[in-house]
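First up is the structure itself, then whatever we jot down about it.
Along the sequence shown, the residues carry numbers beginning at 1.
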Amino acid sequence: METSPFPLLSLLIFLPVVAGISLLRIRNKHRILSVALGVAVAELLLSLILLGLFDPNQDGMQFVEQHSWIPTLNIDYLLGVDGLSVLFVPLTALITVAVILASRRSIKTLSSLYFALLLFLEGITIGVYCTLDLALFFLFWELTLPPLFFLISLWGIGVHRRYAALKYVLFMLTGGILLLFGFILLGLNHANETGIAAPAGLSFNYMELLQTPIPLATQSIVFLLLFFGFAIKAPLFPFHVWLPTMAMEGPASITAIIVGLKLGLFGIIRFAIPLAPQAASQYFVLMMLLGAIGAIYGALIALKQTNLRRMLAYSSISHAGFVLIGAAAFNIQGIQGAVFQLFNFGIVASGIFLIAGFLQYRLGSTELTALGGAARPMPILASLFFILGLASIGVPGTNGFAAEHLIVIGAFKAHIGMGLAVLLGIILSAAYYLVFYQKAFLGPVTRATVKETIDLRSREYWIAGTMVSLALLLGLFPQQVLTTTDKTLQAWVARVETAPVAENGNTAEEILAQKNHYDSASNPNYHSY
């Protein structure tokens with residue numbers, strides 16, 4: 001790792017945090033919005049500079065910043081990005097700009113606190129993506145909870161918004177406990193392997209832990225703790241029950257952030273699998289089954305929904321299953337598709353939820369009974385929603401197609417049953433989206449409130465139009481994303497085969513041989529990657 005001469009990542013993390021604190025002193029509503037939007041746009045420009053300076057030909061960490069933080073426990077302030085994380089920094093900044101613009105009219109009370117919490121959440125989320133010290137990562141991870149709790153409980157649109165906020169926080173705290181135990185085990189294992197007693201032998205440095213041998217029994221415990229801790233946040237089946245409640249009770253703009261930036265899936269790909277690769281390979285059947293069940297279950301439940309926001313929540317659960325299948329395939333096609341789809345969530349899912357928020361603001365409901373014939377008075381809104389929906393179901397020419405195509409290839413290479421599950425999930429996703437769209441937007445107008453409503457305003461048009469443009473642009477030129485992630489993900493796949501194992505654990509080759517034996521027995525056409 002080469003240390004960066006300029007602390008660009010620190011600037012990206014703390015600029016919105018400091019700006020958010022300063023917003024609390026401002027009382028003029030228009031000035032609050034101007035400052036918040038100006039900081040968010042500056043953050044977006046800085047993140048684009050980061051992406052422009054990033055070298056995709058390197059597979060290691062770039063823009064590294066390292067300073068001693070708690071020396072007695074060997075905890076460092078350590079930041080860096082690679083091809084896996086660098087895309088999500090500008091994505092976070094883009095979604096924040098969109099949410100601020102979308103909240104301009106809907107936030108009527110405590111606006112300084114709302115936008116301050118939003119900027120604080122942006123900086124902390126970028127910290128989650130950039131952190132390379134597990135203790136610092138855990139700090140950022142837990143710091144996302146307070147702003148989300150208040151954003152949901154104070155500005156939610158449902159009568160049970162406080163219940164939804166509490167439910168979300170309790171689920172996340174449960175997952176956080178699992179992560180904390182997993183990280184502590186990794187630190188203690190490092191001390192044990194180096195022969196230096198704790199606390200001097202502890203290490204939470206992600207790059208050091210990647211090189212530290214771990215006994216297979218310990219790996220299994222670490223992997224299960226990290227996997228289920230992150231699965232709650234994703235959310236993966238069966239830990240998904242908080243998301244439909246959040247979608248119905250919380251503000252649509254905040255739900256757009258949660259479903260667009262799936263930090264739990266990022267954590268599984270970044271930490272759970274690379275830090276315990278042999279155990280991950282051993283539990284690949286578990287991951288594949290949870291992914292397949294989630295993909296099909298989410299789609300089937302979405303097919304029965306009569307509320308747009310609830311349907312989108314179950315759609316998000318289904319797509320999270322696709323990402324897990326791609327990652328668990330342990331081949332380059334699967335993981336590239338998984339990361340690409342994870343990136344697509346920020347564009348497509350957040351865009352659709354923001355449009356759902358526009359409908360909620362106009363009509364006071366997103367129930368089918370309140371939306372009939374909505375395309376007649378709102379043709380632009382309906383058209384942009386339709387295009388984002390096509391990207392969500394992976395129609396050729398959109399960014400969803402390239403990602404789902406890679407996941408399908410990776411899933412079939414790993415196990416034919418998982419490939420068929422992905423195909424079934426894709427078919428069901430097309431069914432629930434097209435059926436709902438036909439009922440909600442097409443046909444005659446049935447309510448006076450729908451007939452009298454207005455189409456997208458210029459500000460809303462630019463929000464939705466930007467998301468649609470990105471979905472189409474990346475659909476036509478997916479190689480831009482794939483090139484950025486290629487070197488890092490090649491190394492990610494290779495790690496499963498080469499990661500060190502302590503002497504009292506099985507070797508990587510033995511674990512892979514067991515996996516390949518299972519695959520070849522259940523699928524005669526299987527070829528090991």
Side-chain angles (χ1 to χ4, degrees), residues 1-3 60-61 64-82 84-85 127-143 173-231 266-283 491-492 494-511:
M1 299 189 301
E2 295 184 5
T3 304
M61 295 293 171
V64 174
E65 302 173 32
Q66 185 171 13
H67 306 282
S68 179
W69 180 28
I70 308 177
T72 54
L73 297 177
N74 291 329
I75 297 175
D76 293 337
Y77 175 81
L78 180 59
L79 306 175
V81 292
D82 59 2
L84 173 58
S85 57
V128 170
Y129 285 122
C130 298
T131 301
L132 298 179
D133 185 280
L134 300 189
L136 183 62
F137 171 85
F138 185 76
L139 174 63
F140 282 131
W141 182 268
E142 294 298 299
L143 283 177
L173 288 176
T174 302
I177 292 172
L178 299 179
L179 296 180
L180 180 60
F181 279 116
F183 293 159
I184 291 174
L185 277 178
L186 286 168
L188 292 175
N189 176 76
H190 182 273
N192 182 61
E193 291 299 317
T194 56
I196 304 174
L202 292 174
S203 177
F204 299 98
N205 184 314
Y206 176 72
M207 306 307 294
E208 287 185 1
L209 293 175
L210 288 176
Q211 305 302 320
T212 304
I214 309 176
L216 185 57
T218 305
Q219 270 202 50
S220 296
I221 298 173
V222 168
F223 174 76
L224 291 174
L225 287 171
L226 298 186
F227 176 79
F228 287 114
F230 287 123
F266 174 82
I268 290 173
I269 295 173
R270 164 65 84 200
F271 296 102
I273 295 176
L275 289 172
Q278 280 71 48
S281 182
Q282 192 176 47
Y283 286 103
W492 187 94
R495 173 159 176 77
V496 178
E497 301 178 359
T498 60
V501 182
E503 292 182 0
N504 57 336
N506 293 347
T507 65
E509 290 75 10
E510 290 171 338
I511 297 299

Checklist entry - Which is it for Leu139 and Trp69 under the side chain to side chain contact (heavy atoms under 4.5 Å, CB included) test, yes or no, and what are the steps along the way? => result CA-CA 13 Å; Leu139 174 63; Trp69 180 28; 3.7 Å; yes
Checklist entry - In Å, rounded to the nearest 0.5 Å, how long is the span from CD1 of Ile75 to CG of Leu134? => result 9.5 Å
Item to check | Partner set under ring-ring contact (aromatic ring centres under 6.0 Å, His included) for Trp141, not counting sequence neighbours | outcome: Phe137, Phe230
Checklist entry - About how many Å separate CH2 of Trp492 and CG of Leu84, when rounded to the nearest 0.5 Å? => result 9.5 Å
Checklist entry - Under 4.5 Å between any side-chain heavy atoms of Leu136 and Leu79, yes or no? => result yes
Next on the checklist: A side-chain contact here means heavy atoms from C-beta on lying under 4.5 Å apart; do Leu180 and Ile184 qualify?
Outcome noted: yes
Checklist outcome for this item: Smallest heavy-atom separation, Met61 atom then Tyr206 atom, equals CE-CE2, 4.2 Å
Checklist entry - Any side-chain heavy atom of Leu225 sitting closer than 4.5 Å to one from Phe183? => result no
Item to check | Evaluation steps, side chain to side chain contact (heavy atoms under 4.5 Å, CB included), between Leu216 and Gln282 | outcome: CA-CA 10 Å; Leu216 185 57; Gln282 192 176 47; 4.2 Å; yes
Item to check | Set of residues satisfying side-chain contact (heavy atoms from CB on, under 4.5 Å) with respect to Leu202, sequence neighbours excluded | outcome: Leu73, Leu188, Ala198, Pro199, Phe204
Checklist entry - Do Phe140 and Cys130 have side chains that get closer than 4.5 Å, going by heavy atoms? => result no
Checklist entry - Just wondering, are more than 12 heavy atoms of other shown residues or ligands nearer than 6.0 Å to CZ in Phe181? => result no
Next on the checklist: For the CZ atom of Phe271 and the CG atom of Leu186, what is their distance to the nearest 0.5 Å?
Outcome noted: 10.5 Å
Next on the checklist: Can you list everything that forms a side-chain contact (heavy atoms from CB on, under 4.5 Å) with Thr218? Sequence neighbours excluded, please.
Outcome noted: Ile214, Pro215, Val222
Item to check | Any Leu78 side-chain heavy atom under 4.5 Å of Thr131 side chain | outcome: no
Next on the checklist: Just to verify, what does Phe138 make a ring-ring contact (aromatic ring centres under 6.0 Å, His included) with, not counting sequence neighbours?
Outcome noted: none
Checklist entry - What distance do Thr212 atom OG1 and Asn192 atom CG have between them, rounded to the nearest 0.5 Å? => result 11.0 Å
Checklist entry - Is there a donor-acceptor contact under 3.5 Å from the side chain of Tyr283 to the main chain of Ser220? => result no
Item to check | Leu173 side chain near Glu142 side chain, heavy-atom distance below 4.5 Å | outcome: yes
Checklist entry - Mind checking whether Asn205 and Gln66 have side chains closer than 4.5 Å, heavy atoms only? => result yes
Item to check | For Phe227, all residues meeting ring-ring contact (aromatic ring centres under 6.0 Å, His included), sequence neighbours excluded | outcome: Phe223
Checklist entry - Is there a side-chain contact between Ile273 and Arg495 (heavy atoms, below 4.5 Å)? => result no
Checklist entry - Can you list the steps and then say if Leu226 with Leu179 is a side chain to side chain contact (heavy atoms under 4.5 Å, CB included)? => result CA-CA 5 Å; Leu226 298 186; Leu179 296 180; 3.9 Å; yes
Checklist outcome for this item: On a heavy-atom basis, the closest approach of Gly80 and Ser85 is O-OG, 4.3 Å
Item to check | N/O donor-acceptor pair under 3.5 Å between His190 side chain and Gly201 backbone | outcome: yes
Next on the checklist: Looking at Gln219 and Ala279, would you say the former's side chain and the latter's main chain have a donor-acceptor pair under 3.5 Å?
Outcome noted: yes
Item to check | Counterpart residues, salt bridge (charged side-chain N to carboxylate O under 4.0 Å, His left out), relative to Asp133 (two or more places apart) | outcome: none
Next on the checklist: Distance alone, cut at 3.5 Å: any donor-acceptor contact between the side chains of Ser203 and Glu208?
Outcome noted: yes
Next on the checklist: Working note: Tyr77 + Ser68, criterion side chain to side chain contact (heavy atoms under 4.5 Å, CB included); need CA distance, chi angles, decisive distance, verdict.
Outcome noted: CA-CA 6 Å; Tyr77 175 81; Ser68 179; over 6 Å; no
Checklist entry - Rounded to the nearest 0.5 Å, how far apart are CG of Asp82 and CG of Leu132? => result 8.0 Å
